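Here the structure comes first, spelled out in structure tokens, and everything after it is commentary.
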Amino acid sequence: MSAKKLQSIRGIHDGLPGEVARWQRVEQAARKVFGSYAFSEVRMPVLEPVELFVRSVGEDTDIVSKEMYAFTDQGGDHICLRPEGTAGAVRAWLQGGLTRAGAQRWYYIGPMFRRERPQKGRLRQFQQIGVEMFSAPGPIEDAEILAMAHAFLSELGVPELKMEINSLGCNSCRPGYRDKLVTYLQARADRLCETCVERITRNPMRVLDCKVASCQAELGDAPEMVANLCDACDRHFTDVQKGLDALAIPYSVNPRIVRGLDYYNRTAFEIVTDKLGAQGTVLAGGRYDGLVEELGGPATPAIGFAAGLERLAMLLDDDEATGPDMAVVALGEAVQGYALAQADLLRKAGLSVVHCGGGSAKRQFKMADREGVRFVAVIGDDEMQAGTVMLKNMATGEQQSVATAAVAGCTG
RNA sequence: GUGGACGUAGCUCAAUGGUAGAGCCCCGGCUUGUGAUGCCGGUGGUUGGGGGUUCGAGUCCCCUCGUCCACCCCA
């Protein structure tokens, strides 16, 4: 029996240079825009107690009930790889004693883990860029968070995205709505698809965004949360929209947006594309006013969102490959030490430099060409004696002798 | 978890059940101080893995692993 080929775990992929370059563009846009909104980066653990997600995301959600990588460690603790970022952020905020530190505006970038069947835009280890704002009481904060999400994606330059918002109500208006909806759905359960029939008891609001056409046809006059909000929620939702209007941010109200995690209330939103197959949601989030209290802290309104880094990266154009500034070609044993020192000097002068490793001129020039460098500094006995390098412009083929101290100045 | 498509050289792909190939890449040579074009040559595969049918399997059957797509769900 031959050894099994060594490879990464299903749905868990490597970030190789080309891919990482794309990720970095996404990250840079995030850092720039979030920084302009005075958000600070935080870094939370990847490992968390299972209990954290049971109590926040919800025990009956798919994420917790069947997608978590959970295990018991050698000490008997129940821990898991985090499936999302908000719960850990709240935990950290509480644990760090920041409940009276005023408004906290956080963002983070890091891997999340869900054991799902991989497909386009869906991995078992994927990266999220998350944002959380604690002590964010009103619609002003919602509008700003939405605006920041919009600014982030604009900065990235991803075209044809749509922002959709909804209100999920609160503890005083959602239960009543839910009953109303269940009654409505049960009345026509025999005309809904199998999964929707299950959803009536498990998660009735999910039925509203079922993809099956026959279900949608049946649900034309289904009651919607936005029409059943209590006064406070209704006012909140209206003010969020006023804020977006004032900022001229394009959006549409989609009364059928549902969030999969239990902790959301009031404002929920998604930014979607039609370019990623079935996984069109590129950024999503909402308000979670009850979560902090749920996890043992003081009642604290908060709002946040998460963006899928890989999903965003897929929407980006290819980078134009830019090679290093310069390659050092060293000819002959006698100049090896000198050439190493010259490469070092060029780097200290601010250039990115590859050393071609000696050997035949042909081999080294081939390497320089392949690296895509703009210039080659040729160093042989003559150059060493004269304190110069033969500087070759790879695009034009021209070369000239330049004093080593002046090389960096000749590469503009 | 369910359903479908697909796994052949580093990459992209060929090969009526009958000797596994091409292009690109890579390495070397065509001036031992000059690349990207050209010419010549070369390396590279237990056809994802395992079993079965057959005189003979890349090709047919079963299992398994993986990738992709969709459902479910979600970023």
Side-chain angles (χ1 to χ4, degrees), chain A residues 1-13 26 57 61-67 83-86 109-131 149 193-196 198-199 202-203 206 209-212 257-261 269-273 276-285 304-315 323 327 329-332 335 356 358-383 389-399:
Chain A
M1 198 166 78
S2 63
K4 204 170 150 187
K5 208 182 293 178
L6 215 45
Q7 54 188 347
S8 70
I9 293 163
R10 177 176 210 179
I12 300 186
H13 297 331
V26 180
V57 175
T61 61
D62 281 12
I63 290 178
V64 170
S65 66
K66 49 191 193 194
E67 295 174 3
E84 61 102 41
T86 298
I109 302 173
M112 306 295 165
F113 304 82
R114 294 180 198 171
R115 197 181 182 290
E116 303 177 87
R117 206 56 183 267
Q119 68 184 80
K120 189 179 186 68
R122 195 172 72 184
L123 298 165
R124 288 183 171 185
Q125 175 176 341
F126 60 101
Q127 299 173 88
Q128 281 190 341
I129 300 181
V131 159
C193 73
E194 216 171 297
T195 40
C196 275
E198 277 175 42
R199 284 193 271 233
R202 226 182 62 233
N203 191 352
R206 268 274 168 245
D209 67 352
C210 180
K211 288 172 186 168
V212 177
I257 287 180
V258 185
R259 303 274 67 223
L261 289 59
F269 58 97
E270 293 184 354
I271 296 180
V272 297
T273 174
L276 290 179
Q279 264 63 238
T281 305
V282 115
L283 183 153
F305 66 75
L309 179 43
E310 288 87 351
R311 286 187 187 177
L312 285 173
M314 280 192 283
L315 298 174
V329 168
L331 300 170
V335 305
C356 292
S360 76
K362 185 183 211 71
R363 192 198 70 78
Q364 294 188 74
F365 266 87
K366 271 191 168 175
M367 177 173 169
D369 185 57
R370 186 169 183 176
E371 291 281 348
V373 297
R374 291 150 54 224
F375 294 93
V376 168
V378 187
I379 300 172
D381 293 326
D382 297 345
E383 286 79 9
V389 304
M390 188 60 78
L391 189 65
K392 177 166 183 172
N393 182 320
M394 292 296 273
T396 65
E398 293 165 1
Q399 55 183 29

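Just so it is clear: chains get the letters A, B, ... in the order the sequence lines come, proteins before strands, and each one is counted from 1. Just so we're clear, the structure is a prediction, and the values are computed from it rather than from any experiment.
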By the 4.0 Å heavy-atom rule, please label [X] as base, sugar-phosphate, or nothing.
{"X": "A:E67", "result": "sugar-phosphate"}
{"X": "A:K211", "result": "base"}
{"X": "A:L309", "result": "nothing"}
{"X": "A:V282", "result": "sugar-phosphate"}
{"X": "A:G11", "result": "sugar-phosphate"}
{"X": "A:E310", "result": "nothing"}
{"X": "A:G277", "result": "sugar-phosphate"}
{"X": "A:A368", "result": "nothing"}
{"X": "A:E371", "result": "nothing"}
{"X": "A:L312", "result": "nothing"}

RNA chain B: 5'-proximal contact among A:L276 and A:N203 (nearest heavy atom)
A:L276

Please figure out whether A:L123 or A:I12 has its closest RNA chain B nucleotide nearer the 5' end.
A:I12

For [X] versus [Y], what's the shortest heavy-atom pair and its separation?
{"X": "A:F126", "Y": "A:P83", "value": "CZ-O, 4.3 Å"}
{"X": "A:R311", "Y": "A:T281", "value": "NH1-O, 2.7 Å"}
{"X": "A:I379", "Y": "A:V335", "value": "O-CG2, 3.5 Å"}
{"X": "A:C210", "Y": "A:R199", "value": "SG-NH2, 3.4 Å"}

Using the [atom1] atom in both, what is the distance from [N] to [M], to the nearest Å?
{"N": "B:C11", "M": "B:U47", "atom1": "P", "answer": "16 Å"}
{"N": "B:A57", "M": "B:G18", "atom1": "P", "answer": "11 Å"}
{"N": "B:G49", "M": "B:C65", "atom1": "C1'", "answer": "7 Å"}
{"N": "B:A5", "M": "B:U43", "atom1": "P", "answer": "39 Å"}
{"N": "B:C40", "M": "B:G48", "atom1": "P", "answer": "33 Å"}
{"N": "B:G44", "M": "B:G33", "atom1": "C1'", "answer": "32 Å"}
{"N": "B:G10", "M": "B:C27", "atom1": "P", "answer": "16 Å"}
{"N": "B:C24", "M": "B:U37", "atom1": "P", "answer": "11 Å"}

Between [X] and [Y] (side chain of the first, backbone of the second, donor and acceptor by atom type, cut-off under 3.5 Å), is there such a pair?
{"X": "A:R363", "Y": "A:C356", "answer": "yes"}
{"X": "A:E371", "Y": "A:G323", "answer": "no"}
{"X": "A:E310", "Y": "A:Q127", "answer": "yes"}
{"X": "A:Q364", "Y": "A:G359", "answer": "yes"}

Nearest whole Å is fine: how far is [N] [atom2] from [X] [atom1]?
{"X": "A:K120", "N": "B:C73", "atom1": "NZ", "atom2": "C1'", "answer": "18 Å"}
{"X": "A:E198", "N": "B:C72", "atom1": "CD", "atom2": "C1'", "answer": "10 Å"}
{"X": "A:Q7", "N": "B:G48", "atom1": "CD", "atom2": "P", "answer": "13 Å"}
{"X": "A:Q127", "N": "B:A75", "atom1": "CD", "atom2": "C1'", "answer": "11 Å"}
{"X": "A:L331", "N": "B:G33", "atom1": "CG", "atom2": "C1'", "answer": "5 Å"}
{"X": "A:F126", "N": "B:C73", "atom1": "CZ", "atom2": "P", "answer": "16 Å"}
{"X": "A:R10", "N": "B:U67", "atom1": "CZ", "atom2": "P", "answer": "6 Å"}
{"X": "A:E383", "N": "B:G33", "atom1": "CD", "atom2": "P", "answer": "12 Å"}

Is there a donor N/O on one and an acceptor N/O on the other, under 3.5 Å, for the side chain of A:Q364 and the base of B:U34?
no

By salt bridge (charged side-chain N to carboxylate O under 4.0 Å, His left out) - contacts of A:E270 (at least two apart):
A:R259

Side-chain contact test, heavy atoms from C-beta onward, threshold under 4.5 Å: evaluate it for A:L123 versus A:I12 and give yes or no.
no

Please round to the nearest 0.5 Å and tell me the distance separating atom CE of A:M394 and atom CZ of A:R374.
12.5 Å

Rounded to the nearest 0.5 Å, what separation is found between the CD atom of A:E198 and the SG atom of A:C193?
9.0 Å

List for me each residue that meets side-chain hydrogen bond (donor to acceptor under 3.5 Å, both in side chains) alongside A:Q128, sequence neighbours excluded, and say none if there are none.
none

Tell me which pairs pass salt bridge (charged side-chain N to carboxylate O under 4.0 Å, His left out) where either residue lies in residues 116-126 of chain A, with sequence neighbours left out.
A:E116-A:R122

Hey, is the side chain of [X] poking within less than 4.0 Å of OP1 or OP2 on [N], counting only N and O atoms?
{"X": "A:Q119", "N": "B:A70", "result": "yes"}
{"X": "A:R124", "N": "B:C73", "result": "no"}
{"X": "A:H13", "N": "B:C68", "result": "yes"}

Nucleotide-level pairing of RNA chain B, given in dot-bracket where Watson-Crick and G-U pairs need both distances under 3.5 Å and | marks other strands
(((((((..((((....[..)))).(((((.......))))).....(((((..]....))))))))))))....

Hey, what are the protein-to-nucleotides 35-39 of chain B N/O distances that come in under 3.5 Å?
from: B:G35; atom 1: OP1; to: A:K362; atom 2: NZ; distance (Å): 3.3
from: B:G35; atom 1: O2'; to: A:D369; atom 2: OD2; distance (Å): 3.1
from: B:G35; atom 1: N7; to: A:K392; atom 2: NZ; distance (Å): 3.3
from: B:G35; atom 1: N1; to: A:M394; atom 2: O; distance (Å): 2.6
from: B:G35; atom 1: N2; to: A:D369; atom 2: OD1; distance (Å): 3.3
from: B:G35; atom 1: N2; to: A:M394; atom 2: O; distance (Å): 2.8
from: B:G35; atom 1: N3; to: A:D369; atom 2: OD1; distance (Å): 3.3
from: B:A36; atom 1: O4'; to: A:D369; atom 2: OD2; distance (Å): 2.9

Please list, for nucleotides 1-8 of chain B, all pairs of protein and nucleotide N/O atoms separated by less than 3.5 Å.
from: B:U2; atom 1: O4; to: A:R117; atom 2: NH1; distance (Å): 2.7
from: B:G3; atom 1: O6; to: A:R117; atom 2: NH2; distance (Å): 3.3

For A:K66, the option from A:I63, A:V64, A:D62 that meets side-chain contact (heavy atoms from CB on, under 4.5 Å)
A:D62

A:A284 side chain: which of B:A75, B:A70, B:G33 is closest?
B:A75

